[in-house]
Amino acid sequence: MAGKTIVVTSGKGGVGKTTTVANLGTTLAKKKYSVVMIDTDIGLRNLDVVMGLENRIVYNLVDIIEGKCRKEQAMIRDRKIPNLFMIPAAQTREKNSINPEQMKELCYTLAAEFDYVMIDCPAGIEQGFKNAIAGADTALVVTTPEVSAIRDADRVIGLLEAAMLKHISLIINRLNAKMVKKGDMMSTEDIISLLSVPLLGVVPESDEVVVSTNRGVPLVHDKSSKAGAAFRRMAARLNGEENLPLDGDGSHGFFGRVKRLIWN
């Protein structure tokens with residue numbers, strides 16, 4: 001049976017796609033599933049840094065596509081988890097070095113060997129986006145509780161649906177519960193009502209994320225991290241584990257009462 005291929009996207013840059021891929025992929029691998037993560041952000045790779053693997057890169061995604069190496073040569077094994085691998089993006093090539101059909105073929109091949117193929121999508125909705133979604137059967141749309149990020153997420157959801165991707169879920173990142181209660185930030189319910197896709201989970205705002213990225217160690221390795229716990233719950237939901245309550249902030253923010261003014 002083929003593995004599941006999941007693209008993590010957003011439209012807007014800087015909302016936490018790469019952190020999401022690193023933490024979900026790591027959690028699934030810790031559950032003993034075989035996982036490969038692909039950085040498709042050609043020219044601006046970051047997944048290797050978040051995973052602490054930047055010094056191990058020899059070959060990259062474009063090298064695989066162009067036949068300069070076998071895919072196994074480009075895969076970098078995680079330092080801590082033997083069944084977790086990463087394929088880095090090329091830093092000195094253009095996004096059009098790969099086309100959607102080539103990406104689709106690679107994902108099909110990897111899904112025959114791995115339980116999960118996690119794709120880190122670049123920002124924007126141009127060639128890199130088209131490449132990243134080509135081989136996916138599931139999409140996770142990451143947004144932060146900001147109007148600009150939510151508008152971009154809405155646009156991306158429309159493009160995913162137009163590409164016939166039927167399994168789309170939402171991840172809300174950097175939610176500040178105190179700001180929601182004061183009416184200064186959209187609530188979980190506000191965002192879901194605007195985007196109309198199922199919620200996979202909510203990651204609370206936390207300085208731990210910056211520390212984790214700088215150290216090259218995903219948050220889910222820290223059992224005391226609230227953000228890490230949120231990613232672990234999301235990975236469990238992706239894996240079909242039952243009876244898990246959804247994350248939320250438990251309130252309806254001020255923005256929920258004026259969302260039509262914001263959106264129209």
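Only this structure's heavy atoms are used, side chains among them; waters, hydrogens and symmetry mates stay out. For reference, positions follow the sequence shown, starting with 1.
For S225, the side-chain contact (heavy atoms from CB on, under 4.5 Å) partners are E208, L219, D222, A227, not counting sequence neighbours. D120 pairs by the salt bridge (Lys or Arg N to Asp or Glu O under 4.0 Å) definition with nothing, not counting sequence neighbours. A search for salt bridge (Lys or Arg N to Asp or Glu O under 4.0 Å) contacts involving R174 returns nothing, not counting sequence neighbours. Qualifying salt bridge (Lys or Arg N to Asp or Glu O under 4.0 Å) partners for R155, counting only residues two or more places apart in sequence or in other chains: none. By the ring-ring contact (aromatic ring centres under 6.0 Å, His included) test, F231 is found to be paired with no residue, residues two or more places apart in sequence or in another chain being considered. Remark: D63 engages Y59, N60, K68, C69 in a side-chain contact (heavy atoms from CB on, under 4.5 Å) (not counting sequence neighbours). In this structure K130 satisfies the salt bridge (Lys or Arg N to Asp or Glu O under 4.0 Å) test with no other residue, sequence neighbours excluded. Qualifying side-chain contact (heavy atoms from CB on, under 4.5 Å) partners for A123, counting only residues two or more places apart in sequence or in other chains: K17. Not counting sequence neighbours, the partners of N176 by the side-chain contact (heavy atoms from CB on, under 4.5 Å) test are K178, M179, M185, E205.
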Do any side-chain atoms of residues 137-147 form donor-acceptor pairs under 3.5 angstrom with protein atoms, and if so which ones, sequence neighbours left out?
from	atom 1	to	atom 2	distance (Å)
D137	OD1	T5	N	3.3
D137	OD2	T5	N	3.2
T143	OG1	A149	O	3.4

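Using a 3.5 Å distance cut-off with no hydrogens or angles, the side chains of D190 and S187 do pair a donor with an acceptor.
As a member of the Ile/Leu/Val/Met/Phe/Trp/Tyr network built from side-chain separations under 4.5 Å, V217 groups with nothing else and remains a singleton.
Sorted by first then second residue, the side-chain hydrogen bond (donor to acceptor under 3.5 Å, both in side chains) pairs that include residues 42-58, not counting sequence neighbours, are R45-Q91.
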